[in-house]
Amino acid sequence: MTRHVRDMVLAFVVAGLVIAVGNWVGYETVPTEALPGLLLVIGISLAGVGVQKVLPGNIPTVLYVAVIAIVLSLPVTPGSTQMIAWADAIDVQAITTPLLAYVAIGVGSSLADFAKLGWKSVIVGSGVFLGTFLGSALIAEVVLRLQGVV
Amino acid sequence: MLSRLPDHLKDWRLHAAILAIVLIAEFIGPLSLSIGPGMLPILPMIYAFLLGIALLFTPVVNERQSKNAQPITNAIILILVAKVSLNIGPALDIIVQVGPAILLQEIGNLGTVLIGLPLALLLGAKREAIGMTFSIAREGSLAIINDKFGFDSPETRGVFSVYLFGSIFGAVIFGMMASVLAAFTPLDPLALAMAGGVGSASMMAASSSSLSALYPEMAGEIQSLASAGMILSIATGFFMAIFIALPMAERMYGLLTRKRSRATAEEEDVRE
(Lines give C-alpha, C1' and ligand atoms only; values in the text may rest on other atoms or scores of the structure.)
Protein backbone atom coordinates (compact mmCIF):
# COMPACT_ATOMS: atom_id res chain seq x y z
CA MET A 1 0.00 0.00 0.00
CA THR A 2 2.68 2.51 1.02
CA ARG A 3 4.77 1.44 -1.94
CA HIS A 4 1.77 1.97 -4.16
CA VAL A 5 1.34 5.49 -2.77
CA ARG A 6 5.04 6.23 -3.22
CA ASP A 7 4.95 5.07 -6.86
CA MET A 8 1.88 7.21 -7.49
CA VAL A 9 3.58 10.27 -6.01
CA LEU A 10 6.71 9.58 -8.07
CA ALA A 11 4.68 9.39 -11.30
CA PHE A 12 3.39 12.87 -10.49
CA VAL A 13 6.93 14.04 -9.73
CA VAL A 14 8.11 12.86 -13.16
CA ALA A 15 5.14 14.60 -14.78
CA GLY A 16 5.84 17.74 -12.75
CA LEU A 17 9.50 17.84 -13.79
CA VAL A 18 8.64 17.63 -17.48
CA ILE A 19 6.00 20.35 -17.08
CA ALA A 20 8.45 22.58 -15.21
CA VAL A 21 11.03 22.28 -18.00
CA GLY A 22 8.46 23.06 -20.72
CA ASN A 23 7.11 25.98 -18.71
CA TRP A 24 10.64 27.32 -18.38
CA VAL A 25 11.67 26.97 -22.03
CA GLY A 26 8.36 27.89 -23.63
CA TYR A 27 6.80 30.35 -21.21
CA GLU A 28 9.83 31.80 -19.45
CA THR A 29 8.78 30.99 -15.92
CA VAL A 30 11.75 29.77 -13.89
CA PRO A 31 11.02 26.47 -12.11
CA THR A 32 11.32 28.04 -8.65
CA GLU A 33 8.49 30.40 -9.54
CA ALA A 34 6.36 27.55 -10.89
CA LEU A 35 7.06 25.24 -7.93
CA PRO A 36 4.22 26.31 -5.56
CA GLY A 37 1.67 26.01 -8.38
CA LEU A 38 3.01 22.61 -9.42
CA LEU A 39 2.91 21.32 -5.85
CA LEU A 40 -0.64 22.61 -5.54
CA VAL A 41 -2.00 20.93 -8.68
CA ILE A 42 -0.14 17.71 -7.86
CA GLY A 43 -1.55 17.85 -4.32
CA ILE A 44 -5.08 18.32 -5.65
CA SER A 45 -4.62 15.42 -8.09
CA LEU A 46 -3.35 13.09 -5.36
CA ALA A 47 -6.20 14.12 -3.07
CA GLY A 48 -8.63 13.30 -5.88
CA VAL A 49 -7.07 9.86 -6.35
CA GLY A 50 -7.30 9.26 -2.60
CA VAL A 51 -10.94 10.34 -2.35
CA GLN A 52 -11.85 8.15 -5.33
CA LYS A 53 -10.25 5.13 -3.61
CA VAL A 54 -12.01 5.78 -0.30
CA LEU A 55 -15.50 6.72 -1.47
CA PRO A 56 -17.87 4.07 -2.84
CA GLY A 57 -19.24 4.13 -6.38
CA ASN A 58 -17.39 4.12 -9.64
CA ILE A 59 -17.16 7.87 -10.14
CA PRO A 60 -14.25 8.97 -12.38
CA THR A 61 -11.23 10.43 -10.55
CA VAL A 62 -11.23 13.52 -12.80
CA LEU A 63 -14.56 14.52 -11.29
CA TYR A 64 -13.16 14.44 -7.74
CA VAL A 65 -10.06 16.34 -8.82
CA ALA A 66 -12.21 19.00 -10.47
CA VAL A 67 -14.48 19.34 -7.44
CA ILE A 68 -11.54 19.74 -5.04
CA ALA A 69 -9.95 22.37 -7.30
CA ILE A 70 -13.23 24.26 -7.60
CA VAL A 71 -13.77 24.31 -3.83
CA LEU A 72 -10.21 25.57 -3.27
CA SER A 73 -10.68 28.33 -5.86
CA LEU A 74 -13.96 29.67 -4.43
CA PRO A 75 -13.64 33.25 -3.19
CA VAL A 76 -14.88 32.14 0.25
CA THR A 77 -11.99 29.66 0.65
CA PRO A 78 -9.17 31.25 2.66
CA GLY A 79 -6.08 31.73 0.52
CA SER A 80 -7.91 31.06 -2.75
CA THR A 81 -6.44 34.13 -4.48
CA GLN A 82 -2.93 33.03 -3.51
CA MET A 83 -3.53 29.49 -4.78
CA ILE A 84 -4.93 30.75 -8.08
CA ALA A 85 -1.91 33.05 -8.47
CA TRP A 86 0.42 30.08 -7.93
CA ALA A 87 -1.42 27.99 -10.51
CA ASP A 88 -1.31 30.91 -12.96
CA ALA A 89 2.48 30.60 -13.06
CA ILE A 90 1.99 27.39 -15.04
CA ASP A 91 0.86 27.92 -18.60
CA VAL A 92 -1.80 25.38 -19.56
CA GLN A 93 0.15 24.71 -22.77
CA ALA A 94 3.17 23.69 -20.72
CA ILE A 95 0.94 20.81 -19.57
CA THR A 96 -0.76 19.94 -22.87
CA THR A 97 2.53 19.74 -24.82
CA PRO A 98 4.07 16.90 -22.72
CA LEU A 99 0.61 15.32 -22.47
CA LEU A 100 0.38 14.95 -26.23
CA ALA A 101 3.98 13.73 -26.39
CA TYR A 102 3.16 10.96 -23.89
CA VAL A 103 -0.14 10.22 -25.65
CA ALA A 104 1.70 9.83 -28.97
CA ILE A 105 4.29 7.45 -27.55
CA GLY A 106 1.60 5.60 -25.62
CA VAL A 107 -0.21 4.91 -28.89
CA GLY A 108 2.45 2.32 -29.71
CA SER A 109 0.88 -0.99 -30.58
CA SER A 110 -2.62 0.44 -30.95
CA LEU A 111 -1.38 2.17 -34.09
CA ALA A 112 -1.25 -1.26 -35.69
CA ASP A 113 -4.76 -2.08 -34.39
CA PHE A 114 -5.88 1.25 -35.69
CA ALA A 115 -4.41 0.64 -39.14
CA LYS A 116 -6.53 -2.51 -39.27
CA LEU A 117 -9.71 -0.50 -38.73
CA GLY A 118 -9.08 1.34 -41.95
CA TRP A 119 -9.87 4.71 -43.41
CA LYS A 120 -13.64 4.40 -42.91
CA SER A 121 -13.22 4.57 -39.16
CA VAL A 122 -11.04 7.64 -39.56
CA ILE A 123 -13.72 9.41 -41.58
CA VAL A 124 -16.59 8.37 -39.30
CA GLY A 125 -14.54 9.18 -36.20
CA SER A 126 -13.73 12.64 -37.53
CA GLY A 127 -17.41 13.16 -38.39
CA VAL A 128 -18.41 12.12 -34.88
CA PHE A 129 -15.96 14.54 -33.27
CA LEU A 130 -16.82 17.41 -35.57
CA GLY A 131 -20.55 16.74 -35.13
CA THR A 132 -20.35 16.77 -31.36
CA PHE A 133 -18.09 19.81 -31.15
CA LEU A 134 -19.95 21.86 -33.74
CA GLY A 135 -23.38 20.83 -32.43
CA SER A 136 -22.47 21.89 -28.90
CA ALA A 137 -20.80 25.11 -30.02
CA LEU A 138 -23.80 26.13 -32.15
CA ILE A 139 -26.29 25.55 -29.34
CA ALA A 140 -24.07 27.37 -26.86
CA GLU A 141 -23.70 30.26 -29.30
CA VAL A 142 -27.46 30.54 -29.86
CA VAL A 143 -28.25 30.42 -26.13
CA LEU A 144 -25.51 32.94 -25.30
CA ARG A 145 -26.85 35.33 -27.94
CA LEU A 146 -30.44 34.91 -26.78
CA GLN A 147 -29.27 35.70 -23.26
CA GLY A 148 -27.34 38.68 -24.55
CA VAL A 149 -24.09 37.44 -22.98
CA VAL A 150 -22.12 37.78 -26.21
CA MET B 1 15.43 0.29 -3.27
CA LEU B 2 15.54 1.49 -6.85
CA SER B 3 14.97 -2.00 -8.19
CA ARG B 4 11.58 -2.12 -6.54
CA LEU B 5 10.39 0.84 -8.55
CA PRO B 6 7.80 0.03 -11.22
CA ASP B 7 9.13 0.04 -14.77
CA HIS B 8 7.43 3.27 -15.85
CA LEU B 9 9.47 5.24 -13.29
CA LYS B 10 12.78 3.65 -14.33
CA ASP B 11 12.24 4.01 -18.06
CA TRP B 12 14.83 6.72 -18.64
CA ARG B 13 14.68 6.29 -22.37
CA LEU B 14 10.99 7.22 -22.35
CA HIS B 15 11.43 10.29 -20.16
CA ALA B 16 14.50 11.47 -22.08
CA ALA B 17 12.56 11.12 -25.35
CA ILE B 18 9.65 13.11 -23.92
CA LEU B 19 11.96 15.79 -22.59
CA ALA B 20 13.64 16.08 -26.00
CA ILE B 21 10.25 16.38 -27.72
CA VAL B 22 9.04 19.03 -25.25
CA LEU B 23 12.26 21.02 -25.62
CA ILE B 24 12.11 20.96 -29.42
CA ALA B 25 8.39 21.79 -29.50
CA GLU B 26 8.61 24.65 -27.01
CA PHE B 27 11.80 25.95 -28.57
CA ILE B 28 10.07 26.30 -31.95
CA GLY B 29 7.08 27.85 -30.21
CA PRO B 30 3.70 28.58 -31.78
CA LEU B 31 3.57 29.25 -35.51
CA SER B 32 0.83 31.12 -37.34
CA LEU B 33 -0.34 30.04 -40.75
CA SER B 34 -2.26 32.72 -42.54
CA ILE B 35 -4.96 31.09 -44.60
CA GLY B 36 -7.39 33.36 -46.40
CA PRO B 37 -8.95 35.80 -43.96
CA GLY B 38 -7.72 34.20 -40.73
CA MET B 39 -4.60 33.17 -38.87
CA LEU B 40 -4.42 29.53 -37.89
CA PRO B 41 -2.07 28.98 -34.95
CA ILE B 42 -0.13 25.72 -34.89
CA LEU B 43 0.76 25.10 -31.25
CA PRO B 44 3.74 23.24 -29.78
CA MET B 45 1.41 20.46 -28.61
CA ILE B 46 0.70 19.63 -32.25
CA TYR B 47 4.40 19.20 -33.06
CA ALA B 48 4.87 17.30 -29.81
CA PHE B 49 2.22 14.83 -30.94
CA LEU B 50 3.68 14.48 -34.44
CA LEU B 51 7.23 14.07 -33.10
CA GLY B 52 5.98 11.40 -30.70
CA ILE B 53 4.22 9.49 -33.48
CA ALA B 54 7.35 9.81 -35.64
CA LEU B 55 9.47 8.31 -32.84
CA LEU B 56 7.26 5.21 -32.89
CA PHE B 57 8.78 4.39 -36.26
CA THR B 58 12.33 4.64 -34.94
CA PRO B 59 14.27 2.27 -32.68
CA VAL B 60 14.27 4.95 -29.93
CA VAL B 61 10.93 3.83 -28.56
CA ASN B 62 9.38 0.40 -28.57
CA GLU B 63 6.59 -1.51 -26.84
CA ARG B 64 8.15 -0.96 -23.41
CA GLN B 65 8.09 2.83 -23.73
CA SER B 66 4.54 2.79 -25.10
CA LYS B 67 3.33 0.76 -22.15
CA ASN B 68 5.20 2.93 -19.65
CA ALA B 69 3.78 6.15 -21.10
CA GLN B 70 0.31 5.28 -19.78
CA PRO B 71 0.70 5.93 -16.03
CA ILE B 72 2.42 9.28 -16.60
CA THR B 73 -0.26 10.24 -19.13
CA ASN B 74 -2.89 9.61 -16.48
CA ALA B 75 -0.98 11.75 -13.96
CA ILE B 76 -0.71 14.66 -16.42
CA ILE B 77 -4.42 14.48 -17.22
CA LEU B 78 -5.27 14.89 -13.53
CA ILE B 79 -2.81 17.79 -13.20
CA LEU B 80 -4.51 19.45 -16.16
CA VAL B 81 -7.97 19.03 -14.71
CA ALA B 82 -6.78 20.50 -11.39
CA LYS B 83 -5.12 23.42 -13.19
CA VAL B 84 -8.10 24.41 -15.36
CA SER B 85 -10.68 23.80 -12.61
CA LEU B 86 -8.86 26.29 -10.35
CA ASN B 87 -10.25 28.94 -12.73
CA ILE B 88 -13.83 28.10 -11.82
CA GLY B 89 -14.07 29.77 -8.40
CA PRO B 90 -13.36 33.33 -9.56
CA ALA B 91 -15.50 32.78 -12.68
CA LEU B 92 -18.51 31.47 -10.79
CA ASP B 93 -20.61 34.53 -11.70
CA ILE B 94 -19.99 33.96 -15.39
CA ILE B 95 -20.67 30.25 -15.11
CA VAL B 96 -24.00 30.86 -13.38
CA GLN B 97 -24.80 33.44 -16.03
CA VAL B 98 -24.06 31.06 -18.91
CA GLY B 99 -25.46 28.05 -17.03
CA PRO B 100 -28.42 27.60 -19.41
CA ALA B 101 -26.04 27.52 -22.38
CA ILE B 102 -23.84 24.90 -20.71
CA LEU B 103 -26.86 22.75 -19.88
CA LEU B 104 -28.48 23.05 -23.30
CA GLN B 105 -25.30 22.49 -25.27
CA GLU B 106 -25.38 18.92 -24.02
CA ILE B 107 -28.15 18.48 -26.58
CA GLY B 108 -25.54 19.40 -29.16
CA ASN B 109 -24.06 15.98 -28.51
CA LEU B 110 -26.90 14.70 -30.65
CA GLY B 111 -25.15 16.36 -33.58
CA THR B 112 -22.93 13.30 -33.37
CA VAL B 113 -25.79 11.05 -34.37
CA LEU B 114 -27.20 13.43 -36.98
CA ILE B 115 -23.89 13.88 -38.83
CA GLY B 116 -22.09 10.67 -37.98
CA LEU B 117 -24.74 8.01 -38.54
CA PRO B 118 -25.65 8.86 -42.16
CA LEU B 119 -21.94 9.20 -42.89
CA ALA B 120 -21.19 5.77 -41.42
CA LEU B 121 -24.05 4.16 -43.37
CA LEU B 122 -22.93 5.86 -46.56
CA LEU B 123 -19.50 4.31 -46.08
CA GLY B 124 -21.11 0.90 -45.83
CA ALA B 125 -21.20 0.31 -42.07
CA LYS B 126 -24.11 -1.79 -40.81
CA ARG B 127 -25.09 -2.04 -37.13
CA GLU B 128 -21.52 -0.95 -36.25
CA ALA B 129 -22.77 2.53 -37.16
CA ILE B 130 -24.92 2.67 -34.02
CA GLY B 131 -21.93 2.09 -31.75
CA MET B 132 -19.74 4.37 -33.78
CA THR B 133 -21.98 7.40 -33.70
CA PHE B 134 -24.30 7.46 -30.67
CA SER B 135 -21.70 9.29 -28.61
CA ILE B 136 -18.18 10.59 -28.65
CA ALA B 137 -17.10 7.09 -27.57
CA ARG B 138 -15.30 7.54 -24.27
CA GLU B 139 -15.07 4.97 -21.48
CA GLY B 140 -18.70 5.37 -20.36
CA SER B 141 -19.93 4.66 -23.88
CA LEU B 142 -17.93 1.44 -24.05
CA ALA B 143 -19.62 0.29 -20.86
CA ILE B 144 -23.12 1.18 -22.08
CA ILE B 145 -22.79 -0.57 -25.45
CA ASN B 146 -21.00 -3.59 -24.04
CA ASP B 147 -23.75 -3.96 -21.44
CA LYS B 148 -26.59 -3.66 -23.92
CA PHE B 149 -25.31 -5.53 -26.97
CA GLY B 150 -22.59 -7.79 -25.56
CA PHE B 151 -18.88 -7.88 -26.24
CA ASP B 152 -19.12 -9.82 -29.47
CA SER B 153 -21.58 -7.54 -31.28
CA PRO B 154 -21.20 -5.22 -34.26
CA GLU B 155 -22.27 -2.30 -32.05
CA THR B 156 -19.37 -2.99 -29.67
CA ARG B 157 -16.92 -3.26 -32.56
CA GLY B 158 -18.20 0.11 -33.76
CA VAL B 159 -17.81 1.90 -30.44
CA PHE B 160 -14.33 0.41 -29.96
CA SER B 161 -13.14 1.66 -33.33
CA VAL B 162 -14.12 5.25 -32.58
CA TYR B 163 -12.81 4.91 -29.02
CA LEU B 164 -9.43 3.87 -30.38
CA PHE B 165 -9.47 6.67 -32.93
CA GLY B 166 -10.31 9.16 -30.18
CA SER B 167 -7.60 7.88 -27.84
CA ILE B 168 -5.00 8.46 -30.52
CA PHE B 169 -6.23 11.57 -32.31
CA GLY B 170 -8.93 13.02 -30.04
CA ALA B 171 -6.87 15.69 -28.30
CA VAL B 172 -5.12 16.77 -31.50
CA ILE B 173 -8.40 16.99 -33.39
CA PHE B 174 -10.06 18.98 -30.60
CA GLY B 175 -7.11 21.37 -30.48
CA MET B 176 -7.22 21.88 -34.24
CA MET B 177 -11.02 22.19 -34.41
CA ALA B 178 -10.98 24.89 -31.74
CA SER B 179 -8.29 26.85 -33.60
CA VAL B 180 -9.93 26.47 -37.01
CA LEU B 181 -13.44 27.34 -35.82
CA ALA B 182 -12.16 30.33 -33.83
CA ALA B 183 -10.18 31.64 -36.79
CA PHE B 184 -12.70 31.07 -39.57
CA THR B 185 -16.20 31.18 -38.08
CA PRO B 186 -18.04 33.89 -36.16
CA LEU B 187 -18.56 31.48 -33.22
CA ASP B 188 -17.75 33.13 -29.90
CA PRO B 189 -14.68 31.84 -28.02
CA LEU B 190 -16.90 31.20 -24.99
CA ALA B 191 -19.23 28.97 -27.02
CA LEU B 192 -16.21 27.10 -28.40
CA ALA B 193 -14.77 26.79 -24.89
CA MET B 194 -17.95 25.11 -23.66
CA ALA B 195 -18.04 22.82 -26.68
CA GLY B 196 -14.51 21.68 -25.86
CA GLY B 197 -15.90 20.13 -22.69
CA VAL B 198 -17.90 17.44 -24.52
CA GLY B 199 -15.08 14.92 -24.75
CA SER B 200 -12.38 13.56 -22.49
CA ALA B 201 -10.22 15.65 -20.17
CA SER B 202 -7.34 15.71 -22.64
CA MET B 203 -9.63 16.82 -25.47
CA MET B 204 -10.98 19.60 -23.25
CA ALA B 205 -7.46 20.67 -22.31
CA ALA B 206 -6.28 20.69 -25.92
CA SER B 207 -9.18 22.78 -27.16
CA SER B 208 -9.09 25.21 -24.24
CA SER B 209 -5.35 25.73 -24.52
CA SER B 210 -5.74 26.44 -28.26
CA LEU B 211 -8.41 29.02 -27.44
CA SER B 212 -6.37 30.48 -24.57
CA ALA B 213 -3.45 30.99 -26.94
CA LEU B 214 -5.70 32.86 -29.37
CA TYR B 215 -7.45 34.95 -26.70
CA PRO B 216 -4.93 35.29 -23.85
CA GLU B 217 -7.00 38.02 -22.18
CA MET B 218 -9.92 35.57 -21.86
CA ALA B 219 -7.85 32.53 -20.81
CA GLY B 220 -9.36 32.28 -17.31
CA GLU B 221 -12.95 32.39 -18.56
CA ILE B 222 -12.21 29.99 -21.41
CA GLN B 223 -10.64 27.40 -19.11
CA SER B 224 -13.32 27.71 -16.47
CA LEU B 225 -16.14 27.23 -19.01
CA ALA B 226 -14.36 24.32 -20.69
CA SER B 227 -13.88 22.65 -17.34
CA ALA B 228 -17.47 23.33 -16.27
CA GLY B 229 -18.66 21.91 -19.60
CA MET B 230 -16.57 18.79 -19.09
CA ILE B 231 -17.79 18.25 -15.54
CA LEU B 232 -21.37 18.55 -16.72
CA SER B 233 -20.73 16.19 -19.63
CA ILE B 234 -19.35 13.58 -17.25
CA ALA B 235 -22.33 14.01 -14.94
CA THR B 236 -25.07 14.06 -17.58
CA GLY B 237 -23.45 12.37 -20.58
CA PHE B 238 -24.06 8.88 -19.28
CA PHE B 239 -27.81 9.40 -18.87
CA MET B 240 -28.03 11.39 -22.07
CA ALA B 241 -26.41 8.48 -23.93
CA ILE B 242 -28.64 5.79 -22.42
CA PHE B 243 -31.99 7.58 -22.59
CA ILE B 244 -31.72 9.87 -25.60
CA ALA B 245 -28.73 9.40 -27.89
CA LEU B 246 -28.67 5.60 -28.11
CA PRO B 247 -32.43 5.20 -28.71
CA MET B 248 -32.20 8.01 -31.25
CA ALA B 249 -29.29 6.33 -33.06
CA GLU B 250 -31.18 3.02 -33.16
CA ARG B 251 -34.34 4.65 -34.49
CA MET B 252 -32.42 6.65 -37.07
CA TYR B 253 -30.59 3.50 -38.14
CA GLY B 254 -33.93 1.73 -38.56
CA LEU B 255 -35.35 4.63 -40.52
CA LEU B 256 -32.39 5.09 -42.84
CA THR B 257 -31.86 1.40 -43.53
CA ARG B 258 -35.57 0.79 -44.10
CA LYS B 259 -35.70 3.63 -46.58
CA ARG B 260 -32.63 2.32 -48.30
CA SER B 261 -33.87 -1.26 -48.50
CA ARG B 262 -37.21 -0.02 -49.82
CA ALA B 263 -35.39 2.03 -52.42
CA THR B 264 -33.37 -0.95 -53.56
CA ALA B 265 -36.53 -3.08 -53.58
CA GLU B 266 -38.28 -0.53 -55.79
CA GLU B 267 -35.31 -0.46 -58.09
CA GLU B 268 -35.58 -4.21 -58.41
CA ASP B 269 -39.32 -3.88 -59.14
CA VAL B 270 -38.57 -1.49 -61.96
CA ARG B 271 -36.00 -3.84 -63.35
CA GLU B 272 -38.47 -6.70 -63.32
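The sequence lines fix the lettering, A, B, ..., with proteins before strands; numbering per chain opens at 1.
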*Intermediate values then yes/no, side-chain contact (heavy atoms from CB on, under 4.5 Å), L99(A) and M45(B)*: CA-CA 8 Å; L99(A) 171 67; M45(B) 63 176 175; over 6 Å; no

*asked:* As a quick check of understanding, evaluate side-chain contact (heavy atoms from CB on, under 4.5 Å) for Q93(A) and S212(B), giving each step before the final call.
replied: CA-CA 9 Å; Q93(A) 285 193 65; S212(B) 304; over 6 Å; no

*asked:* Could you walk me through whether L138(A) and Q105(B) satisfy the side-chain contact (heavy atoms from CB on, under 4.5 Å) test, starting with their C-alpha distance in whole Å, then the side-chain angles of each, then the deciding distance to 0.1 Å, before giving a yes or no?
replied: CA-CA 8 Å; L138(A) 283 173; Q105(B) 60 131 9; over 6 Å; no

*Worked check of side-chain contact (heavy atoms from CB on, under 4.5 Å) between I79(B) and I44(A)*: CA-CA 8 Å; I79(B) 289 177; I44(A) 295 170; over 6 Å; no

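Interface residue V122(A): backbone and side-chain heavy atoms are both found under 4.5 Å from chain B. When heavy atoms are compared at a cutoff of 4.5 Å, L181(B) approaches chain A solely by way of its side chain, counted from C-beta outward. Only the side chain of E63(B) comes within contact range of chain A, with at least one heavy atom under 4.5 Å from a heavy atom of that chain. The contact between V98(B) and chain A is made by backbone and side chain atoms together, counting heavy-atom distances below 4.5 Å. At a 4.5 Å heavy-atom cutoff, the contact between I107(B) and chain A is made by backbone and side-chain atoms alike. Only the side chain of L92(B) comes within less than 4.5 Å of a heavy atom of chain A; its backbone N, CA, C and O stay farther away. The contact between L14(B) and chain A is made entirely by side chain atoms (from C-beta outward), counting heavy-atom distances below 4.5 Å. Proximity to chain B (any heavy atom under 4.5 Å) is restricted, for V21(A), to the side chain, taken from C-beta onward. Heavy atoms closer than 4.5 Å to chain A are found in the side chain of I173(B), but not in its backbone. Neither the backbone nor the side chain of L38(A) has a heavy atom closer than 4.5 Å to any heavy atom of chain B. Within the 4.5 angstrom heavy-atom criterion, atoms from both the backbone and the side chain of I123(A) approach chain B. In this structure, the portions of I231(B) lying under 4.5 Å from any heavy atom of chain A include both its backbone and its side chain. Both the backbone and the side chain of P98(A) come within contact range of chain B, each with at least one heavy atom under 4.5 Å from a heavy atom of that chain. Neither the backbone nor the side chain of A219(B) comes within contact range of chain A, judged by heavy atoms closer than 4.5 Å. Of the two parts of Q65(B), the backbone and the side chain both hold a non-hydrogen atom closer than 4.5 Å to a non-hydrogen atom of chain A. Interface remark: E141(A) contributes backbone and side-chain atoms alike to the contact with chain B (heavy atom separation under 4.5 Å). Residue V113(B): no heavy atom, backbone or side chain, is found under 4.5 Å from chain A. Of the atoms belonging to L187(B), heavy atoms from both backbone and side chain fall under 4.5 Å from chain A. The contact between A205(B) and chain A is made by backbone and side chain atoms together, counting heavy-atom distances below 4.5 Å. Proximity to chain A is limited to the side chain of F57(B), based on heavy atoms less than 4.5 angstrom apart.
The two atoms that bring L56(B) and A104(A) nearest to each other are CD1-O, 3.5 Å, heavy atoms only. Across all non-hydrogen atoms, the minimal contact from A25(B) to T97(A) is CB-CG2, 4.0 Å. Nearest heavy atom pair, residue S135(B) against residue V128(A), reads O-CG1, 3.5 Å. Closest approach of A82(B) to V41(A), counting heavy atoms only: CB-O, 3.8 Å. Closest non-hydrogen pair, P100(B) versus Q147(A), comes out as CG-NE2, 3.4 Å. L100(A) and A171(B) get closest at one heavy-atom pair: CD2-CB, 3.4 Å.
Taking 4.5 Å as the limit, every side-chain heavy atom of P75(A) sits out of range of all side-chain heavy atoms of P90(B). Looking at L86(B) and L40(A), their side chains come closer than 4.5 Å, going by heavy atoms from C-beta outward. Looking at heavy atoms from C-beta onward, H15(B) lies out of side-chain contact with V18(A) at the 4.5 angstrom threshold.
Interatomic distance, S126(A) OG to M177(B) CE, rounded to the nearest 0.5 Å: 9.0 Å. How far CD1 of I72(B) is from CZ of F12(A): 9.5 Å, rounded to the nearest 0.5 Å. The distance from atom OG1 of T96(A) to atom NZ of K83(B), rounded to the nearest 0.5 Å, is 10.5 Å. How far OH of Y102(A) is from CG of N74(B): 12.0 Å, rounded to the nearest 0.5 Å. A distance of 4.0 Å separates CD1 of I18(B) from CD1 of I105(A), quoted to the nearest 0.5 Å.
The most heavy-atom pairs under 4.5 Å with chain A, out of G29(B), G196(B), S207(B), come from G196(B). Counting heavy-atom pairs under 4.5 Å between each of T61(A), D88(A), L74(A), L144(A) and chain B puts L144(A) at the top. Looking only at heavy-atom pairs under 4.5 Å with chain A, the residue among L192(B), I21(B), I136(B), T185(B) that has the most is I136(B). Each of I115(B), I94(B), L164(B) has some count of heavy-atom pairs under 4.5 Å with chain A, and the biggest count is that of L164(B). In terms of heavy-atom pairs under 4.5 angstrom with chain A, the leader among G197(B), P44(B), A195(B) is A195(B). Taking chain B as the reference chain and counting heavy-atom pairs below 4.5 Å, the highest number among P60(A), G48(A), S110(A) is found for S110(A). The residue among G170(B), A48(B), S209(B), S210(B) with the most heavy atom pairs within less than 4.5 Å of chain A is S209(B). When each of L104(B), T133(B), V61(B), V162(B) is scored by its heavy-atom pairs under 4.5 Å with chain A, the top score falls to L104(B).
Every pair passing ring pair (Phe, Tyr, Trp, His ring centres under 6.0 Å) that includes a residue from residues 123-149 of chain A is listed here, sequence neighbours excluded: F129(A)-F165(B), F129(A)-F174(B), F133(A)-F174(B). Counting only residues at least two apart or on different chains, no ring pair (Phe, Tyr, Trp, His ring centres under 6.0 Å) pair has a member in residues 21-66 of chain A.
Contact annotation for residues 221-230 of chain B against chain A (heavy-atom separation below 4.5 Å, listed by residue number): Q223(B). Of all residues in residues 76-87 of chain A, those placing a non-hydrogen atom less than 4.5 angstrom from a non-hydrogen atom of chain B are I84(A), A87(A).
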